[in-house]
Amino acid sequence: MEHCFSLHKAPSLSSFLPSLGPRVFTPSISPSDFALFRRRSLRTGFTSTPFNGRKAPSVKASAGASHCDFSSLNAPLEPRSAPGKFLSGVLQNQRQFFHFAAADELKRLSDDRDSAVARMFVSLDSDEACLHRRIAQLKEQECQAAVEDVMYMLIFYKFSDLRVPLVPKLSRCMYNCRLEIWPSKDWELESIHSIEVLEVVRDHISAVIGLRADSSVTDNWATTEIQQLHLGRLYAASILYGYFLKSASSRHQLERCLTLVHQKRLNHRNSLQFLDLLPCGIKSLVLGRFSDVQSVPLGQGPGRQEKDLEELRCYVMGFDPETLQRCAKPRSKEAAHLIERHSCALFGDEQTGIPQTDEVIRTSFSSLKRLVLEAVAFGSFLWDIEEYVDTVYKLKDN
């Protein structure tokens, strides 16, 4: 089964901004006390998983080049800020303290930025107003670059929890213009989605690469040719699609819960008004039948799962253009810039980050599926991380 994908224009690149100076992190609790905290849910909304005694996940993404073996800490995008490098070290050496360290870095960045802005307002009527305004601008840029690295490391932690390392730079993984990613890790990457979301993700895979969910092993390992630039655009679009699905499914769940609560209250009020008009004997009979009906848990009736799948599809299809754009567009500039940086680091040249626009690579549909699933998971994780980070460090509206 042979296919060929067309070429599209290259995505733009963004320059990196100044970074912060080095620091040493001191955990707020001692290692001996951490066992008591491990059993509790962290305020960050994540669960820490001990790294000791666990083999680091690895993947071979190559058709024979030995330098394509990569560990769980070999991400395509290397953090350039001091907080990013620091968290990378914590993740590798003190994994159990990672979320404490990330929360500490976010709080420090927020305080630094707020302090610079406060000094700017205090000095508005002084001779140093221009100087402090410039300092605040540089600090804003510095903190934005740092918080993007923190967000990236938080996303990276989620992938490492799945034992799925991110695919490294493709320039390191191709051998004679051939790319293969093994093992595929499809099950792990699909496990993060609910059943209804997973079905929509499979529809997306079928649409963008032509691989059906029920494809045979022969179909999965059939090869295709694709231009590297188009593959990069497909990857970035799948990140946005994963971000969109997370936003849309969360919105759908919230609206459905509100509707059920409203219906429950309405039915309860109407039933009480109706029962007040009945004689005592008939009222007890009706109450008995009513309790029998209520004993069936909501959502476990026959065909409920199929109905949920159709509900989500219809819900997404019913979006007006404004709602569709609002759910698909990253809410913060930091998230949008992080998508661009990660995609360019993965598909760009090692030195310049510029994609090789005229290069055509050969790969299997299984490898394409692996890349698309990773991108969708990246977008889904990004939505969660953006939600959490914004509660500690106020992100810039996109």
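None of these values were measured; they are calculated from a predicted model.
More than 12 heavy atoms of other residues, nucleotides or ligands sit less than 6.0 Å from atom CG of Asp320.
Ring geometry for Phe378 against His342 counts as parallel: the plane angle stays under 30°, on a 0 to 90° scale with 60° as the upper cut.
For Ser367, the side chain to side chain donor-acceptor pair (under 3.5 Å) partners at least two apart in sequence or on another chain are Glu180, Ser364.
At distances below 3.5 Å, at least one donor-acceptor pair connects side-chain atoms of Ser250 with backbone N or O atoms of Lys246. Side chain of Ser160 to backbone of Tyr157: a donor-acceptor contact under 3.5 angstrom is found. In this structure a side-chain-to-backbone donor-acceptor pair under 3.5 Å is present from Ser238 to Leu234. Not one N or O on the side chain of Arg80 forms a donor-acceptor pair closer than 3.5 Å with the backbone of Ala145.
Using a 4.0 Å cut-off between charged nitrogen and carboxylate oxygen, Arg108 and Asp104 do not count as a salt-bridge pair. By the 4.0 Å N-to-carboxylate-O rule, Glu374 lies too far from Lys185 to be salt-bridged with it.
Tested against Val150 for a side-chain contact (heavy atoms from CB on, under 4.5 Å), the candidates Ile385, Leu87, Val392 yield a single pass: Leu87.
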Asp149 vs Arg341, salt bridge (Lys or Arg N to Asp or Glu O under 4.0 Å): CA-CA, chis, key distance, verdict = CA-CA 10 Å; Asp149 283 348; Arg341 288 178 56 194; 3.2 Å; yes
Thr363/Leu371 under side chain to side chain contact (heavy atoms under 4.5 Å, CB included): CA gap, chis, key distance, verdict = CA-CA 11 Å; Thr363 186; Leu371 284 170; over 6 Å; no
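Cluster annotation: Val117 is not connected to Leu395 through the hydrophobic network of ILVMFWY side chains, with a link wherever side-chain heavy atoms come within less than 4.5 Å.
Evaluation of the salt bridge (Lys or Arg N to Asp or Glu O under 4.0 Å) test over residues 321-338, restricted to residues two or more places apart or in two chains, returns Glu322-Arg326, Arg331-Glu386, Arg331-Glu387.
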